[in-house]
Structure formats: C-alpha cells, structure tokens
Student: 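Before we start, here is the structure in question, set down as structure tokens.
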Amino acid sequence: MNKLQTMIDSHAHLDFADFDTDRGQLLQQMHRSGISNVIIPSVSEAQWDNQISIALQHNCFYALGIHPWHCEEASKTTLATLRQMLQKYAGKQGLVAVGECGLDKLHKSNFATQMILFEGQIALAKEFDLPLIIHAVRAHEDVLRCLNNQDVRRKGVIHGFYGGPQLAAQYVKLGYKLGVGGLLLNDNAPKLQQTVAELPLESFILETDSPAMTPKNSLNSRNTPLILPEVLQKMADLQKKSTVLVSEQMFYNVAQLFDL
Ligand SMILES: [Zn+2]
C-alpha cells in the first residue's frame, strides 16, 4: 500500500467514549497510514455538543442528526433544536452533512417516530443545502420512497450498505452513493461483494462505522479507521483494478459528495 495515497473515512464515531483514552494517538496513526480525515456522524441530541467539540479539536469533519435507534429519546423540540444547530454551524468549519438519520426495522417499536424524524431531517438537508448520511436497515422501500418524495439537491450516502446489485442500483439511480466498510471483508457477505464487483466505482465511498461491528478477516481486532486499507484492497480485488486507481476514485467521490 502506497503511503502517499489519501483516504477519508466517511463514517467513524470517533466521539464515542471507546476512543476517549487514545483518540489523539489513533489520529496520528491514521495520518501515518494515509488516512487523512474522518466524518463523525451524530447519533443523538445528547451527544451533539461533545461531538462538535471533539471534531473541532481534532480538525475532523462532522454531521448533525438523529439516529433511528435514538428516536425514542427525541422530544417534540428535537427537530427544532437540530434546525437551530444547523443555522448556527452550517457553512462553518467542519459541518458537512445532516445525519446519521434514517429508518431501521430491526428496531421497529418506534417506527412511526423514526419516519417523522427522517422526513424532518430530509427537509432540513434541503433547507440548508447539505447532503444526507442515511442509516437504512430492512426498510429500503420506505427509505427509497422518502428520498423520491423530497428531492435533496446534494443527495447523500446510504451508509453501511449491505445489499445486492439490484437494490444498490436503485439508490445509485437516485444519485445516492453507497458507504462500504468492514462488512466487505466478511466472506458471509456475498451480496455486498457482488455489488462492489458489478457497480461502477463512482457509486461507492469508504467508511468503517467505527467502533461498531468488529470486522471479520481483518488484521485489526478493533474497528477503527485503520482498517480502511484492507477494505480498499478488497474493493480493488473485486473490481479487478489497481488500489491506486480505486483509492483515487474513492477520494474523489467522498470529496465531491461532501464538498471537502
Ligand atoms: Zn453510524
């Protein structure tokens, strides 16, 4: 792996307490490995202030939003507060997207609330002209319908994508990118591997979703942005292209989507 290649992790929760003891060290290690930066997505209102201060302290990019798993915690004022936060931070250093937001039918009990908050966040992405970082699990028809109903000019990414080429093509047709991470290294993910082999490279951006999901078949036992070179290598193998070419395209895709 050429150390001069630059990678950006488009989805890493580096604000989580998991990284409190070694965040600075990890960022140094990342820079030495050619991983120049990360986008830190939000999960809940309670975390926004801490997340912003960590992102600014370490010169990372970040997004503001409400994760579908945290919709129960959201109050009637959460969307209004998010709007105020976007008003305050949009156009300033670091803020690059709305999210992560979306729909998750594995956590079905609050699905009605998830829908209200997802539609509200899509509207905010339109209002502030930002792209979306979307969490979509077992709810792809609903997510596609929402994205069709409200056209967000700058589109966004379906993060942690795990589906096959047919589903992938529906998102790509709408102008959305697919976030691909450590799952690609897992031999039990043939659908995703097929998607990465068959769709054009312009469809993807790299991510890790650190610290969630410890990758299988990785040299690293912990999920951090440091696994990106392995994901990139696997992508290059599946696409039958050089890592240099794939790396350049991934950098272009993420920089273009989030205007980095
Ligand atoms: Zn996430």
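These figures come from a predicted structure and were not determined experimentally. Hydrogens, waters and symmetry mates play no part in the numbers below; they use all other heavy atoms, side chains included. Note that ligands are numbered from 1 as they come in the structure, with each ligand's atoms numbered from 1 the same way.
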Student: Given OE2 of Glu100 on one side and NE2 of His11 on the other, what angle do they make at the Zn ion (ligand 1), to 10°?
Tutor: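 Nearest ten degrees: 90°.
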Student: Would you call Lys105 and Asp142 a salt bridge, taking side-chain N to carboxylate O under 4.0 Å as the test?
Tutor: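 Judged by the 4.0 Å cut-off on N to carboxylate O distance, Lys105 and Asp142 do form a salt bridge.
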Student: At less than 2.8 Å, would any N/O/S atom of His159, backbone or side chain, sit next to the Zn ion (ligand 1)?
Tutor: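 For His159, the answer is no, given that no N, O or S atom comes within less than 2.8 Å of the Zn ion (ligand 1).
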Student: Any ion pair linking Lys241 and Asp237 (charged N to carboxylate O, less than 4.0 Å)?
Tutor: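 Result for this pair is no, no salt bridge flagged.
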Student: Is atom CD of Glu72 surrounded by more than 12 heavy atoms (other residues, nucleotides or ligands) closer than 6.0 Å?
Tutor: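 Buried by this count: over 12 neighbours within 6.0 Å.
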Student: If the cut-off is 2.8 Å, does any N/O/S atom of His135 fall short of it from the Zn ion (ligand 1)?
Tutor: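 Checking His135: none of its N, O or S atoms is under 2.8 Å.
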Student: Considering only N, O or S atoms, which atom of Asp209 is nearest to the Zn ion (ligand 1)?
Tutor: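 Result for Asp209 and the Zn ion (ligand 1): OD1.
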Student: Applying side chain to side chain donor-acceptor pair (under 3.5 Å) between Asp15 and each of Gln47, Arg23, Gln51, report the one that passes.
Tutor: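 For Asp15, the side chain to side chain donor-acceptor pair (under 3.5 Å) check succeeds only for Gln47.
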